[in-house]
Student: 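Here's a structure for you.
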Amino acid sequence: MIDKHGLPAVQVLEEIRALRGADQPTHGGRLFAYVYDPAVPGLDALATAAHAESAHVNGLDPTAFPSLLAMENALVGAAAGLLGGGAGTTAPDVVGSVTSGGTESLILAVKTARDAHPEIAEPRMVVPASGHAAFAKAAHYLRVALDTVPVSAQTLRPDPAAVAAAIRPETVLVAASASSYAHGVIDPVTEIAEVAARAGVRCHVDACFGGWTLPWLRRLGEPVPPFDFAVPGVTSISVDLHKYAYAPKGVSVLLHRDPALRTPQYFAYAEWPGYVMINPVIASTRSGGPIAAAYATLRHLGEDGYLRLAEQTRDAVAGLADAVRAVPGLRLMTEPESTVVCFTSTDPELDLFVLVDELAARGWHTQPQLAYADLPPNVHLTVTASVAPRVADFGPDLADAVAATRSAGPVRLPEELLALATALKPDALTPEVFEKLAAGLGLGAGPGPTPARMATVHSLLNAAPTALRERLLVEFVGLLQRPTW
Ligand SMILES: *Cc1c(COP(=O)(O)O)cnc(C)c1O
């Protein structure tokens with residue numbers, strides 16, 4: 001890797017481009033997860049130039065690099081203004097920080113709530129089952145117990161009364177999503193915030209996904225229920241700029257209703273001989289690149305831009321949902337209310353995991369979601385503005401892929417794999433057992449880390465209990481992450 005004399009710049013870039021050739025397409029509106037593409041000409045070049053301008057600036061010390069402080073404050077102000085805060089609102093004192101992503105925003109929201117109550121020895125939090133997995137990660141990292149409230153299989157939402165019942169004297173935070181990542185539904189935030197406030201507990205609204213689309217959709221006349229600081233009892237909100245604000249990766253905003261609520265977020269330390277450290281977020285040294293890129297993106301797109309993109313996205317969602325409705329054997333998990341289309345199969349002969357492969361073979365990359373509690377396996381589409389010009393092609397390809405799926409028939413897992421998936425205790429999954437399993441599934445056999453057809457892998461995971469799913473994934477990624485010499 002580290003050549004004796006180093007390589008010419010052109011050659012290095014060629015290497016990276018060659019590696020990138022194996023990736024899924026980040027642009028073009030055919031990848032329904034991971035990427036958020038507005039398809040605005042020139043925006044990538046602008047964001048890249050802005051990123052380069054500030055890449056070496058260090059966010060560690062806002063007094064040394066006031067440019068970052070200025071851009072951060074502008075991003076926080078924009079997010080707060082969009083989400084019911086600022087002068088003339090019921091939340092005039094909103095403050096916030098720029099973080100590296102939704103996960104960091106959620107970890108900090110949980111840490112802030114936990115550290116606001118040093119007297120609670122064993123803090124807990126209440127999160128709907130549809131809440132993002134990052135809440136569980138935060139709970140795990142921070143040793144805050146997680147009380148999960150089930151969601152209805154019909155509405156995909158939690159019952160506020162069940163949320164209320166889950167609150168205990170040790171509860172430091174109650175969460176709601178607007179919208180949920182998995183299904184794109186907006187939780188009953190008003191009711192949840194009310195029960196939290198009544199118990200004297202903070203309420204975080206995870207708007208990582210919907211925070212930058214719902215306000216624009218509302219302005220377009222869509223019926224968006226209250227979910228932001230306009231709702232009494234909402235104490236903090238997270239919104240990812242690297243999702244629907246269409247900024248390059250590495251930028252989210254965590255907002256608090258007022259500065260006092262934020263104070264426990266900070267980490268200050270003077271008990272060492274180096275500089276006095278004061279960190280608002282998890283990272284200490286951090287690049288100005290993502291912040292500058294997000295700043296440039298917001299400045300360039302403006303209100304008109306975001307409204308236009310929200311309109312395109314809304315129309316794409318409607319078109320994709322129509323395409324799903326037109327196929328017998330498929331059912332929308334819920335009527336789309338934001339930017340997700342999510343469907344399941346009502347016909348045992350129509351295997352969704354095979355369908356996902358058939359769609360991929362036709363250039364459409366969707367995200368399978370496994371069965372969970374009483375929710376069936378389903379297919380998730382994150383829809384962004386770049387999908388709009390592709391919608392007309394999706395319907396025929398979906399119909400075609402469904403026909404191919406029916407004629408292929410459902411995945412039949414070999415008996416011994418199925419037995420392993422259902423009976424194996426997670427602790428019994430040694431690396432040796434996993435390697436046998438991986439070989440049986442064709443993992444690592446082809447040119448890429450996963451086979452082109454993933455239906456068998458997804459079926460196996462789907463058959464496994466959640467604890468075993470987790471173990472299998474740990475072993476799999478552990479196998480992928482090996483140094484090259
Ligand atoms: C994406 C997402 C997160 C996590 O964000 P990352 O940027 O991937 O860390 C959290 N909550 C919701 C609702 C999300 O959509």
Side-chain angles (χ1 to χ4, degrees), residues 26 31-37 75 79 83 96-113 125 127-142 146 148-149 151 156-158 173-189 192 203-215 217 224 227-228 234 236-255 281-283 286-287 290-291 293-294 297 313 317 333-334 336-342 367 369 372 380-384 473 477:
T26 55
L31 171 54
F32 292 106
Y34 313 114
V35 298
Y36 298 79
D37 176 15
L75 292 175
L83 295 168
S97 313
V98 173
T99 72
S100 64
T103 300
E104 186 179 356
S105 291
L106 295 188
I107 290 174
L108 286 171
V110 175
K111 175 220 160 354
T112 309
M125 62 199 265
V127 181
S130 53
H132 195 278
F135 280 117
K137 181 174 174 178
H140 179 75
Y141 277 23
L142 298 167
L146 183 63
T148 306
V149 176
V151 295
L156 305 169
R157 274 178 263 267
L173 187 67
V174 169
S177 307
S179 52
S180 67
Y181 175 82
H183 312 113
V185 304
I186 303 160
D187 284 344
V189 172
I192 291 175
C203 176
H204 180 81
V205 174
D206 181 7
C208 284
F209 195 73
W212 214 271
T213 49
L214 296 175
L217 290 172
V224 174
F227 71 95
D228 59 18
V234 170
S236 56
I237 304 180
S238 49
V239 55
D240 289 352
L241 303 191
H242 63 201
K243 287 180 180 160
Y244 284 98
Y246 295 112
K249 303 279 183 257
V251 188
S252 170
V253 173
L254 172 61
L255 302 169
V281 296
I282 295 177
R286 54 185 180 136
S287 170
I291 294 171
T297 304
T313 307
V317 165
M333 289 287 285
T334 176
E337 50 190 79
S338 60
T339 56
V340 171
V341 175
C342 189
Q367 195 167 50
Q369 298 184 139
Y372 171 77
H380 165 110
L381 312 184
T382 287
V383 184
T384 61
L473 291 172
V477 175

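Note: hydrogens, waters and symmetry copies are ignored here, and every other heavy atom, side chains too, is used. As the structure lists them, so they are numbered: ligands from 1, and atoms in each ligand from 1. Numbering of residues begins at 1 and proceeds along the displayed sequence.
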Student: Test of understanding: with ring-ring contact (aromatic ring centres under 6.0 Å, His included), list the residues that count as partners of His380, not counting sequence neighbours.
Tutor: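 Counting only residues at least two positions away or on another chain, His380 forms a ring-ring contact (aromatic ring centres under 6.0 Å, His included) with Tyr181.
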Student: For Cys208, which of Ile237, Asp240, Thr103, Leu241 qualifies under side chain to side chain contact (heavy atoms under 4.5 Å, CB included)?
Tutor: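 Only match with Cys208 under side chain to side chain contact (heavy atoms under 4.5 Å, CB included): Asp240.
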Student: Can you give me the closest heavy-atom contact between Val151 and Leu156, atom names plus distance?
Tutor: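 Shortest heavy-atom contact: CB-C, 3.7 Å.
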Student: Could you state the interatomic distance from OG (Ser238) to CG (Leu108), rounded to the nearest 0.5 Å?
Tutor: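 If I round to the nearest 0.5 Å, the distance is 10.5 Å.
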Student: Whether the side chain of Gln367 engages the backbone of Phe32 through a donor-acceptor N/O pair (distance < 3.5 Å, no angle test) should be reported.
Tutor: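 Not at all, since once roles are kept as given, no pair shorter than 3.5 Å links the two residues.
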Student: Should Leu83 and Val239 count as side-chain neighbours, where that means a heavy-atom distance under 4.5 Å?
Tutor: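 They are in contact (side-chain heavy atoms under 4.5 Å apart), so the answer is yes.
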Student: For ligand 1, what are the residues with a heavy-atom contact below 4.0 Å?
Tutor: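 Residues within 4.0 Å of ligand 1: Gly101, Gly102, Thr103, Leu106, His132, Ser179, Tyr181, Asp206, Cys208, Phe209, Asp240, His242, Lys243.
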